[in-house]
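This is a predicted model, so every value here is computed, not measured. Every chain is numbered from 1, with letters handed out A, B, ... down the list of sequences. Values below: every heavy atom of this structure, side chains too, minus hydrogens, waters and symmetry copies.
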Amino acid sequence: MPVARPETSDSRVIAHVDMDCFYVQVEQRKNPELRGLPTAVVQYNSWQGGGLIAVSYEARKYGVKRSMRGAESKQVCPQIQLVQVPVARGKADLNSYRNAGSEVVSILSGKGRCERASIDEVYLDLTDAAETMLAEAPPEILEAIEEEALKSHVLGLDNEEGSEAKENVRKWLCKTNADRRDKLLACGALIVAELRLLVLKETEFTCSAGIAHNKMLAKLASGMNKPAQQTVVPLSSVKGLLESLPIKKMKQLGGKLGSSLQTDLGVNTVGDLLQFSEEKLQQRYGINTGTWLWNIARGISGEEVEGRLLPKSHGSGKTFPGPQALKTISSVQHWLNELCEDLSERLQLDLDENKRIAHTLVLHANAYKASDSDSQKKFPSKSCPLRYGAAKIQEDALNLFQAALREYLGLFTAKIQGSQNNQWGITSLSVSASKIVPIPSGTASIMKYFHGHQPSSSTKQSQDNFIEESAPPPPSGNENYLELNVDKPQIELPCEETTIKYAVPSLHQLEDKNNLLNDQNPCSSLKNQAQDEFMRESLPLPTSGSEHFSGVNESQLMKNSCGEDPSVKLAMPGFRRLEQKRKTVKNKGTSSILRFFKNQDPSSAPKKLEHVENTEDAKTLLSVGPQSRSDSSLDHNQSELPKAGPFEEPGTSSAPSSSQYEQRRGVWSFNTDEIDPSVIDELPPEIQQEVRAWLRPHKRQNVAKRGSSIADYFLPTSL
DNA sequence: ACGGATGAAACC
DNA sequence: TGGTTTCAT
C-alpha cells in the first residue's frame, strides 16, 4: 500500500484574487458616470454623512479612508462622490454586492479549485492547470505572451537599468533553465492574467492578484500592487520578502496576537520570528498557533484551497448605537422580524438555487445595563434548530432573545416585564443561519457504491447518541421548546451504527420541495442526523404552543416555505445561470486591462459586453489540457455547484421500479472508520469530494505534539 | 457610546 | 456541544 507522502507546499500554484474597492466598482458599474471619479460607498447617511465602507483609488489619493465619516471625507476631498448602500427593511442591504461577488466567483471557478474567501476575495489552486500548461504549452514556446501577464510584478526580479520592465518579466516568464517551481508560477501568472481579463470583460470589474506557492504568500502578494495588477512570489524571493515584512502585515497578525508578538517577544518583522524555537512559540501561544507561527516565519503554509463557492452561513444584523438602543420587547420584536425576513429570504434562495439547507439558527445581541454591579456582562448568544419559513424563524428568534435576556438580566422567573425598560438597552441584534449542508444529491450513487457493505458491529451507545441528538434540549428557560419536544412525535430510525446515516429520498419526493419541507414521512429525503432533525422541526406543530404572536400569517409562511415568488428568484442569479451567460460571451483575448478602460467612455451607458467584437477569446489559452473547461470546473467544485443529476432533473429521469424504490429509500448507516481510504479514489469523481469531507482529519487538539506523525506537517524545504 | 454588516475560525 | 472571542474587510 502506497504511503501517503505529504506534498511539499512549494510545488503548488496558488492564487489569491482580490477585487479592487469592490463596492465602489459595483456602484460605478451601476452608474458609469462615477467611473474615474473619487468615489466612496457610505451607509446610513443620517449621521455625520454615514460611514464609508469602500473608497475608490482616486479618492484614496486624497487621504480618504474606510471608516471615515462622509462629512470627514468631504473635508479632505470635496469632490468626492458618496453613494449610499441600498436600504431594505430599515437596514443596509448588501445583496447587490453579494450577487456581484457571485458573478466573479462563477468566472474564477472555471479554472482549478476555487475557494470563496469573502464577498470579494477568492483563492485558486491552479496547480493542475499550471502543470498541464507546462507540459503542453510552456511559456518559453509561446511567441506572444499575453500583455497583461507581462505587466506582472515579479518579486526579487532586479530591474536592470536601461531595459524595459516588461522585457524583464518576459525573460523571467520564459526562462528555460528556471527552477521547475518557478516555471509553474510563470504558468500560474499567465493563467491568472487571462482570468483577470475574463473577469473584467464579463463583469467590468478589475481585480488584483497574487501568485505564489501557498495561500499565505498569495494573499500577501495580491495586496502589494493595487489596483488591477498582479504580483508573483518566486521561491527565491520569499526569505527576503518576509525578513523585512512588519509582523502586523501578515494575515491573522493584525490584531492582538501581532501586538503580543511585538510587545512580549520584541518581534517586529516576520523575519524576527525565525530566532524562536517552535517549542518556545508553542509554549507561549499554544500548540497550534505556535506551530503556525513557526511555519509562517519560513513562508510555509500548508492550508489547502477548499473547493467552496458558497458561504458557510448567512446572517442579518443591525446596530442601534447610543440613543437608538432598543428598550422594549416590542421594538426588539419589530427589528427581529425585519432581520428574520431578510434571513429567511436568503435561506430560501440558497435552497432554491443551491439546494442547501441550514440547520441552526443563532441569535446574537449586544446590550448595556445601567447601574448594575456586573453591568459589563455580555449578552449571551443563543441557538436552536432552524425551521424554514419567515414566521417560524421570527418566532424562534424572539424566543431565543427572551431566553437570552432573562439570562442577561439574571432573571429566572417566568415572565419578563412587557414594555418596562429596566435600565437595559439593546445596541445590536443579529440573526444568522449556520450548519448549511447540501440536500442529498448523488446520494444514490454513494448508496449504490456502498451497497452490500454491512456494519461489522453494533454499538448501543451510538444508537443512544443518535436518538439524543435528534431531540436536542431546548434553550434554557424556554417553554416553547419543551413543548415542541414533548408534543412532537420522535422519529426513530432502525439503525445500529450511527456515524453517518442516510434516509434516501424517492425521486418524486425530491421533485417538489414542498414535499421536501413539509413531508411528514419520516423516511423521506434528507441525509444524516442533522437533516432528520431539520425535518422534525419542519413538521407542522400539532396544535398551539406557538401562538404567542398574533402576527403569524399562515399564507406568508407558506409562501416562504415554498419559495414560489418568482421575483425573488430573479433577484439573485444562480450559478447555473451565470455559467450559461459566461459561455455566451466572446471577447478578444489580447486587450489589456488598461486598454479596456482607455477605450471606455466614462460618460456613456455601460457597454454591453456581448457587443464586443468576437474572436477566439481568452479561453483558448485557458483551456489547454485534455479536458474541457466545463469538465474541470465541475470536477473541482462539484460540491458547490449542484450539477444536474437524477434528483435535480426530474424531467429526464424515469420513475424507479418499486424494487429500486425500496432499495433507495432504505436507511443506511456505516462507520467512517470502516471505510478503506484507498477505496475512495475509485469513487466517481463527483462523489469523492463529498466523502473526503466526512473523513477529513480534524485539527490537532492541544494535546498531541507536532512530530507525532510525519504526515502532520510539511517539512521546511529549500527556503 | 458609531468602524457597520457580515463572515470564518479558534478557543474553551 | 454551544457559546465566546478574534480577525478581517
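- The side chain of A:Thr319 places no N or O atom within less than 4.0 Å of a non-bridging phosphate oxygen (OP1 or OP2) of B:dC2.
- Separating the OG atom in A:Ser109 from the CZ atom in A:Arg116 is a distance of 12.5 Å, to the nearest 0.5 Å.
- Using the six-membered ring where Trp is involved, A:Tyr408 and A:Phe379 have ring planes that are tilted, between 30° and 60° apart.
- Across all strands, A:Leu253 comes closer than 4.0 Å only to sugar-phosphate atoms, never to a base (heavy-atom distances).
- The nucleotide whose nearest atom lies closest to any side-chain atom of A:Pro380 is, among C:dT4, B:dG3, C:dC7, C:dT4.
- A:Ser118 comes within 4.0 angstrom of no nucleic acid atom, judged by non-hydrogen atoms across all strands.
- Close to B:dA5, at under 4.0 Å from its OP1 or OP2, lies a side-chain N or O of A:Tyr44.
- Within 4.0 Å of A:Gly254, counting heavy atoms only, lie sugar-phosphate atoms of the nucleic acid but no base atom.
- Comparing C:dT4, B:dG4, C:dC7 against the side chain of A:Lys256 picks out C:dC7 as the nearest.
- OP1 or OP2 of B:dC11 lies within a sub-4.0 Å distance of a side-chain N or O belonging to A:Thr289.
- Under 3.5 Å, the side chains of A:Asn268 and A:Asp272 contain no donor-acceptor pair of N or O atoms.
- A donor atom on one side chain and an acceptor atom on the other are found under 3.5 Å apart for A:Ser260 and A:Tyr285.
- Regarding A:Met68, its CE atom lies at a distance of 17 Å from the C1' atom of C:dT9, rounded to whole Å.
- A side-chain donor-acceptor contact under 3.5 Å links A:Ser259 and A:Lys248.
- Across B:dA5, C:dT9, B:dC11, the shortest atom-to-atom separation from the side chain of A:Asp120 is found for C:dT9.
- Sparse packing is recorded around NZ of A:Lys249, with 12 or fewer heavy atoms of other residues, nucleotides or ligands lying under 6.0 Å away.
- As rounded to whole Å, 15 Å separates atom C1' of B:dA1 from atom CD1 of A:Ile426.
- For the OP1/OP2 pair of B:dG7 and a distance below 4.0 Å, the side-chain nitrogens and oxygens of A:Arg346 include at least one atom meeting the criterion.
- Of the candidates C:dT5, C:dC7, B:dC11, the closest approach to any side-chain atom of A:Gln252 belongs to C:dC7.
- The side chain of A:Ser432 places no N or O atom within less than 4.0 Å of a non-bridging phosphate oxygen (OP1 or OP2) of B:dG7.
- Note on A:Leu257: only backbone sugar-phosphate atoms sit closer than 4.0 angstrom, heavy atoms only; bases stay farther off.
- For the OP1/OP2 pair of B:dG7 and a distance below 4.0 Å, the side-chain nitrogens and oxygens of A:Arg116 include no atom meeting the criterion.
- The CD atom of A:Glu115 sits 12 Å away from the C1' atom of B:dA9 (whole-angstrom rounding).
- Using a 4.0 Å heavy-atom criterion, one finds that A:Glu121 contacts the sugar-phosphate atoms exclusively.
- In this structure, A:Lys251 places its NZ atom 12 Å from P of B:dA10, rounding to the nearest Å.
- Residue A:Tyr368 places its side chain closer to B:dA1 than to any other of B:dA1, B:dA8, C:dT4.
- Side-chain contact annotation: A:Ser118 with A:Asp120, donor-acceptor N/O pair under 3.5 Å present.
- Checking side-chain atoms of A:Arg346 against main-chain N and O of A:Gly315 turns up a donor-acceptor pair under 3.5 Å.
- Phosphate proximity of C:dT9 to A:Lys219: present, with a side-chain N or O under 4.0 Å from OP1 or OP2.
- With C:dT9, C:dG3, B:dC11 as the candidates, the nucleotide lying closest to the side chain of A:Arg66 is C:dT9.
- If you check every strand for non-hydrogen atoms under 4.0 Å, A:Lys65 touches nothing.
- Atom C1' of nucleotide B:dA8 and atom NZ of A:Lys435 are separated by 15 Å, given to the nearest angstrom.
- You'll find that the side chain of A:Trp47 is closest to B:dC2, out of C:dT9, B:dA9, B:dC2.
- We find that NZ of A:Lys382 is positioned 17 Å from P of C:dT1, with the value rounded to whole Å.
- Nearest to the side-chain atoms of A:Ser383 among the listed nucleotides B:dG7, B:dG4, C:dG3 stands C:dG3.
- A:Ser428 has no side-chain polar atom (N or O) that falls below the 4.0 Å cut-off from OP1 or OP2 of B:dG4.
- A distance of about 26 Å separates the P atoms of C:dA8 and B:dA1, rounded to the whole Å.
- For A:Arg98 and B:dA5, the shortest distance from a side-chain N or O to OP1 or OP2 is not below 4.0 Å.
- Summary of the strand contacts: A:Arg69 and A:Lys91 both lie near DNA chain B, and taking for each the nucleotide with the nearest heavy atom, the more 5' one is attributed to A:Arg69.
- In this structure, of B:dA9, C:dA8, B:dA5, it is B:dA9 that holds the atom nearest to the side chain of A:Lys312.
- Taking atom OH of residue A:Tyr123 and atom P of nucleotide B:dA9, one finds them 11 Å apart after rounding to whole Å.
- Between A:Leu339 atom CG and B:dG7 atom P the separation is 12 Å, expressed in whole Å.
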